[in-house]
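Here's the structure we're looking at; comments come further down.
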Amino acid sequence: MKGKLAETTVNFVKGVGPRRAELLNQLGIFTVQDLLEYFPFRYEDYRMRDLSEVSDGEKITVQATVYGAPYVQMYGRNKSRMVCKVIVSGMPVNAVWFNQHFLRERLRPGVDIVLTGKWDARRRQITVAESEFQAGKNRQTGRLQPVYSVSGDISQKWLRKVIKQALEQYGHLIEEVLPAELVHKHQLLSRREALFGVHYAENIDEGQAARRRMVYEELLMFQLKLQALKAANKNRKHGIAHPIDRAQVEEFIRSLPFTLTRSQQEVIDEILRDLREPGCMNRLLQGDVGSGKTVVAAAALFAVVKAGSQGALMAPTEILAEQHMRNLQRMYEPFGIQVDLLVGSMTEKQRRDVLASLQMGITDVIVGTHALIQEDVYFRRLGLVITDEQHRFGVNQRSILRRKGMDPDVLTMTATPIPRTLAITAFGDMDVSTLSELPKGRKPVKTYWVKHDMLQRIIVFMGKEMAAGRQCYVICPLIEESEKLDVQNAIDLHAQLQQAYPDFRVGLLHGRMPAAEKDEEMRKFKDAETHMLVSTTVVEVGVDVPNATVMVIYDAERFGLAQLHQLRGRVGRGEHQSYCILIADPKTEVGQERMRVMMETNDGFEVARRDLELRGPGDFFGTKQSGLPEFRFADLMSDFEILELARDDAADLIQRRDFWTSPEYAPLREMLQREKVLSGDILD
Ligand code: ADP
Ligand code: MG
């Protein structure tokens, strides 16, 4: 947003010096506006409670009055236990502090104090975690406190103070950007109310209302951009009208070792239709894990090559790129199509050769990682770019290509199934195709949820499967925020399992391994040289080893539903019955429900729908969902109702003539121009 707040740097806030300003910068906070829009991710409840309404063991905050003298016991080195009698709700209570005897001087009879701590009903005692003597509006306890994401030298208390200071200094300058009619229509808080409300919330509802307002604003911007872009795209006619020969494509399809599912056939038709048109295709193909997206990509690339262009297939990892290359080489074998690989781990000479072959047009289809679309990569005639899994083809990449005189058709494939309505809205600049069925004859993966004490039985079970010639994946426990521990865990578990199966070979795959080693491990597993693969979540996407029948996931409660479903999708890809075993001990009701969802359904769209339900609007500040665009305030999965409102409002605004002229909409127009609404450069 234009305006004073976006142009005032944080060092103008009282109490923020150069050093502190730098710390804030590290949190992505540069301007006063950034600071005010730095939302808490939850609240800590320091509201006063009455002792009569709390139960044993609860964390409470109470108003107390000192009436006894503090009694201090010292022990160990500098350790202390201090007890003082206080009156709470008219009753005598013991307050106990550990290692805070420096407070002793202040505990004079009659002094009022706010205590936060754990209530022990039997002993009538509070073990004090925080005590506050100060009264007035700067008091931190006695109310709801926002909890911000902080790191390093920034403390929660300090950030709270700075944000409040910024509100005091600059709050009156917060300007509305939404037209009054929309604020009124959706009963939104004003921008000022929202930014004050979220940091000073008296209760969760106030926080929610503030968040809702910012989510709406963000999503309206997003939709305005998306729809403006789509409208502009529709008018572009300088793409390639590929002269597709239908009969040749049919011949390719007949050469495959299986018949296509009806939905594969339909999607291929949709794509061929787009390819023939002179406009640029921008299509999203979503399909559940194992629904056979690769062969759809293969058919599209085939069609384009036979029509005289080159194609590119981008994968997120080298492992997947190699897998695709081998697949395509096999499928294209009878048709004389040249497939080459371009990845980071190649030697300089290999790379030069491929680049030359690409530029001369000897290479028909190039497979690789994102390195494919780089400044120094030249094509003879690039006609189609397909990206597989997670990564979206960014506008930046498109503009790199356009500068080189290319405007290829683009197909983006994703295995994060989201409800179709959400897909259409979230990816509003793309057309959406869906593979809605799995190939015939697939046996649904049997999913079990077990506790850790079943480990011995699982080990016996995997032994039997391997003895029968099958292969197993074991996904290691995940240690949040510590890749190092993750790796150690994987190494330990690998050693343990190798010991448990002296007759089988157990492979290991983790994120810290050099790419070449990872590929080698993956190749060994594919070629059944190893029978079991112990891995961190790096096998998550795309990997296709049809002989693998068991997927064991340690600490499954740590994963989201989408990720669990992805992992499960690594098995059940062949003719054999497959199993997914979730080792989990979820503490929350929602966690348990997630395990149940996994047991009840194998359908990715149903999993996504239940995920949506479980998150619901009650999920205060949302969680990030892979495969969807990420926002500052919004979470598309749980905010999709607001997303739909925003979509309709944006559509309405954009076709209004006065939207582009009236001062009422000036802030929106300016934001459209200035703000990068999305991370990940999807939009210009
Ligand atoms: P995903 O959509 O998860 O990328 P893949 O393209 O890897 O799925 O396909 C999964 C497996 O199913 C592959 O081994 C592929 O050869 C096989 N497959 C794809 N389409 C069909 C089909 N119509 N009939 C039988 N098997 C198929
Ligand atoms: Mg795939």
Side-chain angles (χ1 to χ4, degrees), residues 225-253 264-286 293 295-314 332 335 337 358-361 363-366 372-373 377-388 391-414 423-424 427-435 651 654-655 681-684:
K225 267 201 141 171
L226 221 52
Q227 294 185 27
L229 198 73
K230 189 167 188 178
N233 242 332
K234 276 250 154 63
N235 298 327
R236 271 222 322 269
K237 288 279 179 225
H238 45 71
I240 306 169
H242 301 270
I244 303 267
D245 182 346
R246 177 90 227 182
Q248 274 181 320
V249 180
E250 290 298 340
E251 194 190 331
F252 168 71
I253 290 172
Q264 280 171 322
Q265 189 68 61
E266 282 167 6
V267 168
I268 290 174
D269 286 344
E270 280 175 336
I271 292 169
L272 295 186
R273 217 176 300 138
D274 280 2
L275 291 173
R276 281 203 196 90
E277 296 288 319
C280 278
M281 172 169 81
N282 190 16
R283 186 169 282 280
L284 177 79
L285 169 56
Q286 59 163 346
K293 292 182 287 296
V295 63
V296 172
L301 290 165
F302 178 95
V304 162
V305 167
K306 287 299 174 191
S309 292
Q310 292 169 298
L313 177 56
M314 300 203 287
Y332 292 160
F335 300 95
I337 291 178
L358 200 56
Q359 192 162 9
M360 288 187 290
T363 301
D364 295 314
V365 175
I366 185 88
L372 268 186
I373 309 294
V377 179
Y378 287 89
F379 291 81
R380 182 148 171 277
R381 188 167 191 259
L382 179 61
L384 172 64
V385 175
I386 301 182
T387 65
D388 186 21
H391 290 267
R392 292 191 68 200
F393 191 68
V395 161
N396 278 353
Q397 292 163 319
R398 205 184 248 289
S399 56
I400 289 177
L401 291 177
R402 214 175 281 146
R403 257 180 277 136
K404 294 194 242 183
M406 292 177 275
D407 214 349
D409 289 298
V410 173
L411 179 69
T412 303
M413 307 198 290
T414 168
I424 290 169
F427 302 106
D429 57 333
M430 298 201 241
D431 298 308
V432 179
S433 293
T434 304
L435 286 181
I654 266 190
Q655 53 83 34
D681 67 42
I682 291 161
L683 301 171
D684 262 324

Let me confirm one number: the CG-OG distance from Leu284 to Ser433, rounded to the nearest 0.5 Å.
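Between atom CG of Leu284 and atom OG of Ser433 there are 8.0 Å.
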
Could you give the distance from OG1 (Thr434) to CD (Glu266), rounded to the nearest 0.5 Å?
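That separation rounds to 10.5 Å.
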
Considering only heavy atoms from C-beta outward, does the side chain of [X] approach that of [Y] to under 4.5 Å?
| X | Y | value |
| --- | --- | --- |
| Leu384 | Met281 | yes |
| Met413 | Thr387 | no |
| Thr363 | Phe379 | no |

What pair of heavy atoms forms the shortest contact from [X] to [Y], and how long is it?
| X | Y | answer |
| --- | --- | --- |
| Pro408 | Cys280 | O-SG, 4.1 Å |
| Leu275 | Ala300 | CD1-O, 4.2 Å |
| Ser309 | Arg381 | OG-NH1, 2.8 Å |
| Leu301 | Ala312 | CD2-N, 4.0 Å |

Residue from Asp431, Leu285, Leu313 passing side chain to side chain contact (heavy atoms under 4.5 Å, CB included) with Leu411
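Only one of Asp431, Leu285, Leu313 forms a side chain to side chain contact (heavy atoms under 4.5 Å, CB included) with Leu411, namely Leu285.
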
Among Asp274, Ile386, Asn282, exactly one meets side chain to side chain contact (heavy atoms under 4.5 Å, CB included) together with Val410. Which residue is that?
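Passing option: Asn282.
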
How are the rings of Phe252 and Phe302 set relative to one another: parallel (under 30°), tilted (30 to 60°) or perpendicular (over 60°)?
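Ring orientation, 0 to 90° scale: parallel.
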
Could you please spell out the steps behind the side chain to side chain contact (heavy atoms under 4.5 Å, CB included) verdict for Glu270 and Arg283?
CA-CA 10 Å; Glu270 280 175 336; Arg283 186 169 282 280; 3.8 Å; yes

Using the rule given for side chain to side chain contact (heavy atoms under 4.5 Å, CB included), can you reason through Asp409 versus Val385, listing the C-alpha separation, both sets of side-chain angles and the distance that settles it, and then say yes or no?
CA-CA 6 Å; Asp409 289 298; Val385 175; over 6 Å; no

Thr414 and Gln286: side chain donor to acceptor below 3.5 Å:
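Their side chains do not contain a donor-acceptor pair, so the 3.5 Å distance test is not met.
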
Do any N or O atoms from the side chain of Gln310 and from the backbone of Asp364 form a donor-acceptor pair under 3.5 angstrom?
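Not a single qualifying donor-acceptor pair exists.
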
Chi angles and distances behind the salt bridge (charged side-chain N to carboxylate O under 4.0 Å, His left out) call for Arg246, Asp269
CA-CA 10 Å; Arg246 177 90 227 182; Asp269 286 344; 2.8 Å; yes

Any chance you could lay out the side chain to side chain contact (heavy atoms under 4.5 Å, CB included) test for Arg276 and Ile244, step after step, and finish with the verdict?
CA-CA 6 Å; Arg276 281 203 196 90; Ile244 303 267; 3.9 Å; yes

Assess whether side chain to side chain contact (heavy atoms under 4.5 Å, CB included) is satisfied between Gln265 and Ile253, documenting all intermediate values.
CA-CA 9 Å; Gln265 189 68 61; Ile253 290 172; 4.3 Å; yes

Asp388/Lys293 ion pair, N-O < 4.0 Å:
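No.
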
